Chemist: 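Before anything else, here's the structure in question.
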Number of protein chains: 2
Amino acid sequence: MNKDKHHHGDLREALISAGIGLMEAGGPAALSLRKCAAKAGVSHAAPAHHFKGITSLKAAIVARSYKIFAETMQTHRHGLTEPRARLVAICEGYLAFARSHAALFQFMFQPFPPDFAQINPPILAELEQYSTLAYRELEQACAPFAPIGGQEGGIEVMVWSLVHGYAMLFASAPEARTPAGTPPDFAQILPAFPLRK
Amino acid sequence: MNKDKHHHGDLREALISAGIGLMEAGGPAALSLRKCAAKAGVSHAAPAHHFKGITSLKAAIVARSYKIFAETMQTHRHGLTEPRARLVAICEGYLAFARSHAALFQFMFQPFPPDFAQINPPILAELEQYSTLAYRELEQACAPFAPIGGQEGGIEVMVWSLVHGYAMLFASAPEARTPAGTPPDFAQILPAFPLRK
DNA sequence: TCTTTAACTTGACACTGTCTAGTTAAAGGA
DNA sequence: TCCTTTAACTAGACAGTGTCAAGTTAAAGA
């Protein structure tokens, strides 16, 4: 741990972990550059040498979230080869992540603030990498099925919209606030879908 | 306008309008109690007499957003009686709002922070009222169609999830970042849906 | 060993939300 | 009309935030 040394050793990683911890404990609003620094045991200005600003740290946290997100879906579909079962498993992984990492899930899909440009390029690349990784999971699960409306990629957009909307509205919310009672399980919704091989 | 008078006249309304203006100009992060007060021409502590804290002001802004949201859907479905056309129109209204009021749309569907309790009860009631109003639009548009999976309300959840997910991912985002090109129009997706009367 | 560079600290600044105390204006009662 | 009460606002202070500038300390390279 490099105790008492001037260099922290792996401050970058420590800051990301601290940030995720803060968000999971108190929601996205609980994230603060200074609190992350304190949790990592460094001064309040230390993060500046690893992240250009708080937007950069946020981007790094989102990148990390996408990584966990993709891994969750991978775990769920592992070993399944039958197309329909595989797609269902991917959706279950999607919803499982939204439930168990509610704060991160909400944070990931928030549009980025206008100061996007200040994010360090390597962080941007990492973000791109893992979000693509997650998207590929969904894409591959949809691949066996015939396109909808003749448009390429239409089926992914349809399934993605459905599972994402459900996750946002019912899985990740603190209380699934449907004015009309408890929503049905997603497992009852997806099978009603017109998926043809 | 009650110029030079001690009382503003309608500060509450002015603060909500100012808040919406700020958010539409610079995104949700641009909202600040002090900036709202400045825009309304009062001191920085004046809002405290109308909103218990910034969470209350945010709730009031969300309530107002739901009102506009419901009205947008009403306008779109106006005059349509054929069930399918009506449902399509409601969805178009949903997406139109997400596009034209992107910041508000994102903000509305963000889960509330833990300090929910500090929100003034009348604001909470207003929020409840308008969000229910918006939900009723969708509910009524779905009513003519047969339930899915035997579960009551299943069709609403399905349609709502689909249009909401699409709105979040493709309509309200600054750039619809699908790793695989431009997403298809929603008009091509909904018709593929298994809706029976 | 000297120089350079990266990692971090310290201190300051403007900005945020919120609290307390004071002021000003309107409203109600005699 | 005068007095009291109350609501609406101002002014000032406080802790917390992100960010910048300058200094320090440690590691790396020649």
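Computed from a prediction, not measured in an experiment: that's the story for all the values here. Residue numbers begin at 1 in each chain, while the letters A, B, ... track the order of the sequences.
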Chemist: I need the residues from residues 44-61 of chain A with at least one non-hydrogen atom less than 4.0 Å from DNA chain C; give them sorted by number, or say none.
Modeler: A:H44, A:A45, A:A46, A:H49, A:H50
Chemist: Taking ring-ring contact (aromatic ring centres under 6.0 Å, His included) as the definition, give me every residue that meets it alongside B:Y130, ordered by chain and number, with sequence neighbours left out.
Modeler: none
Chemist: Mind calculating the distance between CG (B:L11) and C1' (C:dA25) to the nearest angstrom?
Modeler: 15 Å
Chemist: Atom NZ of A:K35 to atom P of C:dT16: distance rounded to whole Å?
Modeler: 18 Å
Chemist: Sequence neighbours left out, cut at 3.5 Å: what donor-acceptor pairs do the side chains of residues 24-41 of chain B make with other protein atoms?
Modeler:
residue : atom : partner : partner atom : Å
B:S32   : OG   : B:R34   : N            : 3.3
B:S32   : OG   : B:K35   : N            : 3.1
B:K35   : NZ   : B:A30   : O            : 3.2

Chemist: Applying salt bridge (Lys or Arg N to Asp or Glu O under 4.0 Å) as the test, list every pair that has at least one member in residues 41-68 of chain A; sequence neighbours left out.
Modeler: A:E13-A:R64, A:K67-A:E71
Chemist: Between atom CG in A:L22 and atom P in D:dT17, what is the gap in whole Å?
Modeler: 10 Å
Chemist: Can you find an N or O donor on one side and an acceptor on the other, under 3.5 Å apart, linking the side chain of A:R34 with the base of D:dG16?
Modeler: no
Chemist: In whole angstrom, what separates A:R12's CZ from C:dA6's P?
Modeler: 16 Å
Chemist: Please list, one pair per line, the donor and acceptor atoms closer than 3.5 Å that link side chains of residues 161-168 of chain A to other protein atoms, with sequence neighbours excluded.
Modeler:
residue : atom : partner : partner atom : Å
A:S161  : OG   : A:V157  : O            : 2.7
A:H164  : ND1  : A:Y94   : OH           : 2.9
A:Y166  : OH   : A:P184  : O            : 2.6
A:Y166  : OH   : A:F186  : N            : 3.4

Chemist: Would you call B:E82 and B:R77 a salt bridge, taking side-chain N to carboxylate O under 4.0 Å as the test?
Modeler: no
Chemist: Starting at CG of A:L31 and ending at P of D:dG16, how long is that distance when rounded to a whole Å?
Modeler: 17 Å
Chemist: Tell me, please, which residues at least two apart from A:T72 pass side-chain hydrogen bond (donor to acceptor under 3.5 Å, both in side chains).
Modeler: none
Chemist: Check whether any side-chain nitrogen or oxygen of A:S32 sits under 4.0 Å from OP1 or OP2 of D:dT17, and answer yes or no.
Modeler: yes
